[in-house]
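Below: the structure, in structure tokens.
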Amino acid sequence: MTGFSLFTASSLFVALSPGINFMIISRFFEGIGAGIMTATDIPIILNAFPQEERGRAVGINSISWSVGTLMGPLLGGFLVLFNWRYIFLINVPVGILAIFFAFKFIKKSKN
């Protein structure tokens, strides 16, 4: 949730950046947030699902990353037709929803 929060806030800052220096700094923090998310997704899944459902959960996660990798450039190219800032603004509602659902459904780990 820390990674998603940092990524979401940084995406908003990139989209609203008044200049290149602020944008570069915001992208730096966006990258840190993305790194936190990708480093913790599998451990969270393994902790959240019973053993008999873990394979399916990891598979769905992998498919989601793959679909995102395929659709991201296509959607990004479409959004750039209107304004480059939309590429980053689209992350904000998605991130807010993800944070909401994470608070609602991910149980706090005891280990």
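What you see below is based on every heavy atom in this structure, not just the backbone, and it leaves out hydrogens, waters and symmetry mates.
For E52, the CD atom sits in a packed shell: over 12 heavy atoms of surrounding residues, nucleotides or ligands are nearer than 6.0 Å.
For the side chain to side chain contact (heavy atoms under 4.5 Å, CB included) with L12, the lone residue among V14, T8, L16 that qualifies is L16.
Although no hydrogens or angles enter the test, the distance criterion places no donor-acceptor pair under 3.5 Å between the side chain of R54 and the main chain of N47. Under a 3.5 Å cut-off, the side chain of T38 and the backbone N or O of G35 do form a donor-acceptor pair.
Side chains of V67 and I63 form a contact here, defined as non-hydrogen atoms less than 4.5 Å apart.
Between L70 atom CG and W65 atom CH2 the span is 13.5 Å, to the nearest 0.5 Å.
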task: Give the intermediate values and the outcome of salt bridge (charged side-chain N to carboxylate O under 4.0 Å, His left out) for residues R27 and E30.
output: CA-CA 5 Å; R27 287 285 287 161; E30 187 182 41; 2.5 Å; yes

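Connectivity analysis of hydrophobic side chains (ILVMFWY, heavy atoms under 4.5 Å, direct or indirect) links F13 to F22.
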For residues 88-105, run the donor-acceptor check on the side chains, cut-off 3.5 Å, and write out each pair with its distance to 0.1 Å, sequence neighbours left out.
| residue | atom | partner | partner atom | Å |
| --- | --- | --- | --- | --- |
| N91 | ND2 | S11 | OG | 3.1 |

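Here the shortest heavy-atom pairing between S26 and S10 reads O-CB, 3.5 Å. Contact detail for R85 and S17: the closest heavy-atom pair is NH1-O, 3.2 Å. For the pair I45 and A57, the tightest heavy-atom approach, listed with the atom from each and the gap, is CG2-CB, 3.5 Å.
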